[in-house]
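The figures that follow rest on heavy atoms only: side chains count, while hydrogens, waters and symmetry mates do not. Counting from 1, the numbers follow the sequence of the chain as shown.
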Amino acid sequence: MMRLFIGKEKIMINDINDFTPASGFLKNMIDRGYLHQCTDLTALDRKLSQGVVPAYIGFDCTATSLHVGSLVQIMMLRHLQKNGHKPIVLMGGGTTRIGDPTGRDETRKMLTDEDININMAGIRSVFEKYLTFGDGPTDAIMVNNADWLDQLSYIEFLRDMGPHFTINRMLTFDSVKLRLDREQPMTFLEFNYMILQAYDYLELGRIHGCTLQLGGSDQWGNIINGVELNRRVDRREVYGFTTPLVTLASGQKMGKSLSGAVWLNDDMLSSYDFWQFWRNTADADVGKFLRLFTELPLAEIERLESLEGAEINDAKKILANEATILCHGTVAAETAEETARQAFEQKSLAADLPTVSVSKSDLETGIAVSDLYMTCGLTKSKGEARRLIKQGGARINDEKISDGEAVITLENLNPEGTIKLSAGKKKHILIKPE
């Protein structure tokens with residue numbers, strides 16, 4: 001067991017390998033690969049075993065939908081509720097006006113209150129697919145941090161909360177340090193974000209009895225701030241828990257596909273394209289994604305991830321179906337699978353398409369999509385290819401391309417070992433690596 005020292009406070013961080021949880025939630029988190037860091041596993045496990053624990057994750061309202069990059073956090077709240085605890089979805093109606101600087105080299109775009117409220121309504125519809133909301137002890141609730149942040153008096157807030165934060169320590173957090181190391185400016189407005197996030201935890205403890213904050217590993221410093229503030233100001237024992245950063249086997253950040261962000265609302269991404277994202281999972285990611293993004297039993301997941309050769313495609317279809325059922329429903333998943341079957345698995349359809357051979361080594365490195373369209377003769381120039389993409393007429397494996405700077409690699413191969421490029425509804429070509 002290690003000790004993490006924060007000011008005069010001590011926060012315990014347990015060695016996961018030496019820990020056997022009693023609570024169903026923590027067992028699930030560890031077995032499925034959600035746990036990265038926790039302030040005190042032993043004490044948190046005891047707390048979870050004694051009764052209902054209210055826990056929260058914060059989401060700023062920067063778009064009308066969340067994308068799959070947030071799905072790990074959403075699934076955590078779902079597991080929390082299924083194990084008898086209370087999820088609190090915190091909407092950053094107040095903090096969105098500032099913007100979380102974590103992982104960014106520039107200031108986020110400022111949004112109006114009207115934009116924030118519209119985005120908040122869209123995000124709520126995402127959570128209603130995964131959580132049960134209501135007034136019961138384990139029913140999820142959604143709260144808005146503008147409810148208390150808007151009421152703060154600046155001088156009073158500085159006097160009461162400012163003494164608990166030091167500039168020395170704040171400069172060591174990644175959200176600040178990385179920006180400064182890259183010699184990118186950071187405004188005083190953004191610098192305040194971590195203090196307001198810590199204050200959110202304090203208020204949620206006072207209003208809703210919240211004793212656990214969940215989040216991604218990039219939020220660890222902010223979460224620790226909130227844990228410490230609760231202890232120093234209200235003498236409350238609260239906990240922090242983070243998940244590992246999830247990336248694709250290719251190293252690409254989770255949440256992006258060739259066509260852009262993989263949104264969770266079907267008005268921003270069709271259920272078919274959502275299904276295809278999971279169906280195109282790399283072999284090396286199948287087991288990890290089945291654990292994180294489905295509720296299949298672990299024994300079944302172990303069987304599926306052990307499949308080899310062409311059989312691994314069966315596991316990918318199950319992953320696509322299970323993830324799509326949770327987000328869009330059973331009918332949408334079945335429809336997407338049937339559409340994919342017709343598009344990819346009817347050999348007679350593919351046999352009639354012209355085939356162009358491309359160097360396998362070039363695809364391993366990656367080929368710009370505009371170059372590939374021109375090389376294959378689907379467009380006369382790279383500029384024409386970019387215009388086709390901008391107009392929504394370019395597709396790869398029947399998935400619309402929206403990013404004119406996208407790069408095509410071997411990761412884009414379909415189950416037949418080819419890449420289908422389309423220009424409009426009638427011009428199609430199969431790319432075959434050699």
Side-chain angles (χ1 to χ4, degrees), residues 62-71 103-106 108-109 119 122 126 245-282 285 289 316 320 323-324 327-328 336 339-340 343-344 356 358-359 362-414 418-425 427-431 433:
T62 54
T64 55
S65 173
L66 299 174
H67 58 63
V68 295
S70 298
L71 196 50
R104 297 183 65 87
D105 284 338
E106 57 186 22
R108 292 182 186 270
K109 177 185 175 183
N119 292 345
V126 172
L245 176 66
V246 180
T247 57
L248 308 181
S250 63
Q252 186 178 7
K253 188 176 180 180
M254 184 70 178
K256 300 283 186 177
S257 74
L258 185 67
S259 59
V262 183
W263 300 104
L264 302 180
N265 281 357
D266 54 15
D267 62 338
M268 297 185 68
L269 184 77
S270 71
S271 54
Y272 173 74
D273 287 337
F274 185 82
W275 189 94
Q276 279 292 343
F277 170 77
W278 300 105
R279 172 62 184 83
N280 292 331
T281 295
D285 287 330
F289 286 3
K316 293 179 183 181
T324 305
C327 189
H328 296 291
T339 302
F344 297 123
V356 174
V358 173
S359 167
D362 286 345
L363 283 171
E364 287 175 345
T365 304
I367 304 174
V369 66
S370 56
D371 287 338
L372 195 57
Y373 264 81
M374 185 180 69
T375 300
C376 297
L378 286 174
T379 62
K380 295 180 181 180
S381 66
K382 292 192 286 186
E384 182 183 341
R386 293 191 185 99
R387 287 192 295 274
L388 180 70
I389 293 169
K390 187 175 181 180
Q391 294 166 1
R395 289 184 173 271
I396 179 169
N397 294 331
D398 294 322
E399 180 182 354
K400 185 170 71 174
I401 305 170
S402 61
D403 183 1
E405 305 301 321
V407 175
I408 310 301
T409 70
L410 292 175
E411 294 288 337
N412 299 114
L413 291 176
N414 61 36
T418 60
I419 300 171
K420 180 182 176 184
L421 285 186
S422 303
K425 296 181 178 180
K427 294 170 66 176
H428 310 280
I429 280 180
L430 290 181
I431 304 298

Nearest heavy-atom pair of [X] and [Y]: which atoms, and what distance?
X	Y	answer
A423	L388	CB-CD2, 3.6 Å
I408	L363	O-CD2, 3.9 Å
L410	P433	CD2-CB, 4.3 Å
W263	S65	CZ3-O, 3.1 Å
V126	L264	CG1-CD1, 3.7 Å
T64	N119	CG2-OD1, 3.0 Å

Main chain of [Y], side chain of [X]: is a donor-acceptor contact present, judged purely on distance under 3.5 Å?
X	Y	value
S271	H328	no
K427	L378	yes
Y373	S381	no
K382	S370	no
D273	K400	no

Approximate separation, where rounding is to 0.5 Å, of [X] [atom1] and [Y] [atom2]:
X	Y	atom1	atom2	answer
I367	I419	CD1	CD1	8.0 Å
D371	T379	CG	OG1	9.5 Å
T418	N397	OG1	CG	7.0 Å
Q276	T281	CD	OG1	10.5 Å
L71	F289	CG	CZ	10.5 Å
E364	E411	CD	CD	11.0 Å

Worksheet item: Under the side-chain contact (heavy atoms from CB on, under 4.5 Å) criterion, do V369 and I389 qualify, and how do the steps go?
Response: CA-CA 9 Å; V369 66; I389 293 169; 3.7 Å; yes

Worksheet item: When I396 is tested against each of L421, N414, I431 for side-chain contact (heavy atoms from CB on, under 4.5 Å), which residue passes?
Response: L421

Could you check if a side-chain atom of [X] sits within less than 4.5 angstrom of a side-chain atom of [Y], using non-hydrogen atoms only?
X	Y	answer
W275	T339	no
V68	W278	yes
R387	K390	no
N280	E399	yes

